[in-house]
Amino acid sequence: MTYSRITGTGSYLPENVLTNKDLEKIVDTSDQWIQERTGIKKRHIAVDGQATSDLAEVASKNAMEAAGRTADDIDLIVVATTTPDKIFPSTACLLQRRLGIHGCAAFDVQAVCTGFVYAMGVADQFIRNGTARCALVVGAETISRLLDWNDRSTCVLFGDGAGAVILESSDEPGILSTHLHADGAYEDLLHVPGGLGNGLEDLAVEMRGNEVFRMAVNTLGRIVDETLDANGMQKSDVDWLVPHQANIRIIQATARKLGMDMDHVVVTVDEHGNTSAASVPLALDTAVRDGRIQRGETLLLEAFGGGFTWGSVLLKY
Ligand code: ACO
């Protein structure tokens, strides 16, 4: 049986840091409110001229180095992003050029905060069916460009960044299962109204935070059950929860559902804010590089975001 296995991880955060104290000077908010309601202390924000592909490039090179792979080895590139550099070419194609890779399939996946989980699901299919052997899978965002910096209910929540993994075909597990879902009925609860259909004036995140919060907690609870049931596994079989980093209270609720101690949950929301599609691979790379996540351990990656979209990846690292 062929599995896809993570052989290297990488990430990158823009150097420019915006603290809660900095935000107090921009909107009517407080460090205390932001920390109590979200767990966020600071976030990284791309400077002018720094695009999603710039962040993706560094994260990808770090992942390739960790896997011991070069441009010649990569035969698939999937980039999850909501904030592409251009309408087209895709950020995946722009990244492909930067990395000096030629000829392999390269495309973007757009599932907002669930983007990286979707991208892993797609790449896993390519590898399992033999179409690809060595995939570069990236979550990269400059979501700060989609914020209304006068709207305190959204601008304090997000940050920029990128994370990447190299996924390779292997006889050893590997990804055990992926679970991808969406329900477009909830468009109005979380969206950016602007676009080529509606006009480009209204390019800022709008969110009914309370309702999104409730949906996220319920949905992520259900996906934990679905994922474990599909693999005949118990909650206690999961070594690490690597969740989407939107809000510490959502993460704590999912951990409770798993009966999991918070010291087996990777938390980066305090340092990064919500980096949308970049949040799961950023959290993964953080815990791999600091030595918490070890080879052979079982990881549950999960995310929830605009669409609504939601999903999970269960894997042996
Ligand atoms: N500073 C100070 N006060 C604020 C701020 C702020 N930054 N933002 C809102 N408030 C006020 C509100 O105006 C409100 O005041 P009022 O009671 O006088 O009307 C009060 O704080 C409470 O607001 P709520 O929205 O009820 O606060 P809540 O506890 O729900 O927290 C939050 C808001 C953090 C947004 C939360 O609802 C949340 O995390 N939602 C889910 C976010 C999420 O998971 N998104 C999905 C992924 S994102 C993606 O896909 C792009």
Side-chain angles (χ1 to χ4, degrees), residues 18-43 52 80-84 109-119 139-161 180-184 186-195 203-221 223 243-254 267-270 272-280 282-283 301-312:
L18 189 69
T19 64
N20 293 348
K21 284 279 174 208
D22 295 331
L23 278 164
E24 287 177 0
K25 295 175 202 140
I26 300 173
V27 285
D28 180 15
T29 191
S30 67
D31 176 43
Q32 189 187 354
W33 189 96
I34 300 171
Q35 286 209 46
E36 280 177 10
R37 299 293 177 120
T38 72
I40 300 168
K41 295 179 183 154
K42 60 180 179 151
R43 69 290 288 143
T52 296
T81 189
T82 320
T83 46
V109 166
Q110 214 279 47
V112 203
C113 297
T114 319
F116 182 76
V117 167
Y118 265 62
E141 299 277 19
T142 46
I143 203 92
S144 64
R145 306 259 155 77
L146 287 181
L147 297 176
D148 174 354
W149 289 95
N150 297 310
D151 178 2
R152 67 177 183 174
S153 71
T154 51
C155 76
V156 305
L157 302 175
F158 295 93
D160 301 330
L180 309 182
H181 296 281
D183 191 339
Y186 297 96
E187 171 188 354
D188 293 342
L189 297 190
L190 175 57
H191 66 144
V192 173
L203 283 182
V205 173
E206 289 181 8
M207 178 165 72
R208 304 224 299 260
N210 261 313
E211 288 155 86
V212 176
F213 187 97
R214 273 197 301 278
M215 281 293 293
V217 169
N218 291 334
T219 309
L220 290 171
I223 197 116
H244 172 49
Q245 310 283 321
N247 185 317
I248 190 67
R249 293 183 291 141
I250 298 176
I251 295 171
Q252 285 163 340
T254 311
V267 175
T268 53
V269 69
D270 51 339
H272 303 169
N274 180 349
T275 56
S276 186
S279 98
V280 170
L282 264 165
L301 282 47
E302 47 84 342
F304 179 89
F308 286 146
T309 53
W310 63 98
S312 65

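Order of listing sets the numbers, starting from 1, for every ligand and every atom in it.
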- Query: Any protein heavy atom sitting closer than 4.0 Å to atom 3 (N) of ligand 1?
  - Reply: yes
- Task: Determine if the distance from atom 31 (O) of ligand 1 to the closest protein heavy atom is below 4.0 Å.
- Result: yes
- Message: Within ligand 1, which atoms have a heavy atom of Gly305 less than 4.0 Å away?
- Response: 50 (O)
- Report the residues that fulfil ring-ring contact (aromatic ring centres under 6.0 Å, His included) with His181, sequence neighbours left out, ordered by chain and then residue number. Trp310
- Message: Can you tell me which residue among Thr154, Leu147, Asp148 is in a side chain to side chain contact (heavy atoms under 4.5 Å, CB included) with Asn150?
- Response: Asp148
- Message: For Asp22, give me all partners under side chain to side chain donor-acceptor pair (under 3.5 Å), at least two apart in sequence or on another chain.
- Response: Thr19
- Message: Show the atoms of ligand 1 that are less than 4.0 angstrom away from any heavy atom in Cys113.
- Response: 47 (C), 48 (S), 49 (C), 50 (O), 51 (C)
- Can you figure out which of Val192, Thr38, Leu146 has its heavy atom closest to atom 34 (C) of ligand 1? Thr38
- Which atoms of ligand 1 have any heavy atom of Val156 under 4.0 Å away? 7 (N)
- Enumerated ligand 1 atoms positioned under 4.0 Å from heavy atoms of Arg37: 22 (C), 27 (O), 28 (P), 29 (O)
- Among Asn210, Val212, Ile40, whose heavy atom sits nearest atom 45 (N) of ligand 1? Val212
- Any idea which atoms of ligand 1 are less than 4.0 Å away from a heavy-atom of Val112? 49 (C), 50 (O), 51 (C)
- Query: Short list, please: which atoms of ligand 1 are under 4.0 Å from a heavy atom of Leu190?
  - Reply: 46 (C), 48 (S), 49 (C), 50 (O)
- Under-4.0 Å heavy-atom contact with ligand 1, by part of Ile250 that carries it: side chain
- Query: Given that the side chain starts at C-beta and the backbone is N, CA, C, O, which of these parts of Thr29 lies under 4.0 Å from ligand 1, counting heavy atoms, or is it both or neither?
  - Reply: both
- Does the distance from a Lys or Arg side-chain N to an Asp or Glu carboxylate O, for Glu211 and Arg214, drop under 4.0 Å? no
- Message: Other residues, nucleotides and ligands only: do more than 12 of their heavy atoms fall within 6.0 Å of CZ on Phe213?
- Response: yes
- Query: Among Cys155, Gly209, Ser30, which residue places a heavy atom closest to atom 40 (N) of ligand 1?
  - Reply: Gly209
- atom 43 (C) of ligand 1: protein heavy atom closer than 4.0 Å? yes
- Note on the structure: At under 4.0 Å between heavy atoms, what of Ala216 touches ligand 1? The answer is neither
- Message: If the cut-off is 4.0 Å to any non-hydrogen atom of Phe304, which atoms of ligand 1 fall inside it?
- Response: 47 (C)
- When you look for heavy atoms under 4.0 Å from ligand 1, do you find them on the side chain of Ile34, its backbone, both, or neither? neither
- Using heavy atoms and a threshold below 4.0 Å, how should the contact between Thr82 and ligand 1 be classified: side chain, backbone, both, or neither? neither
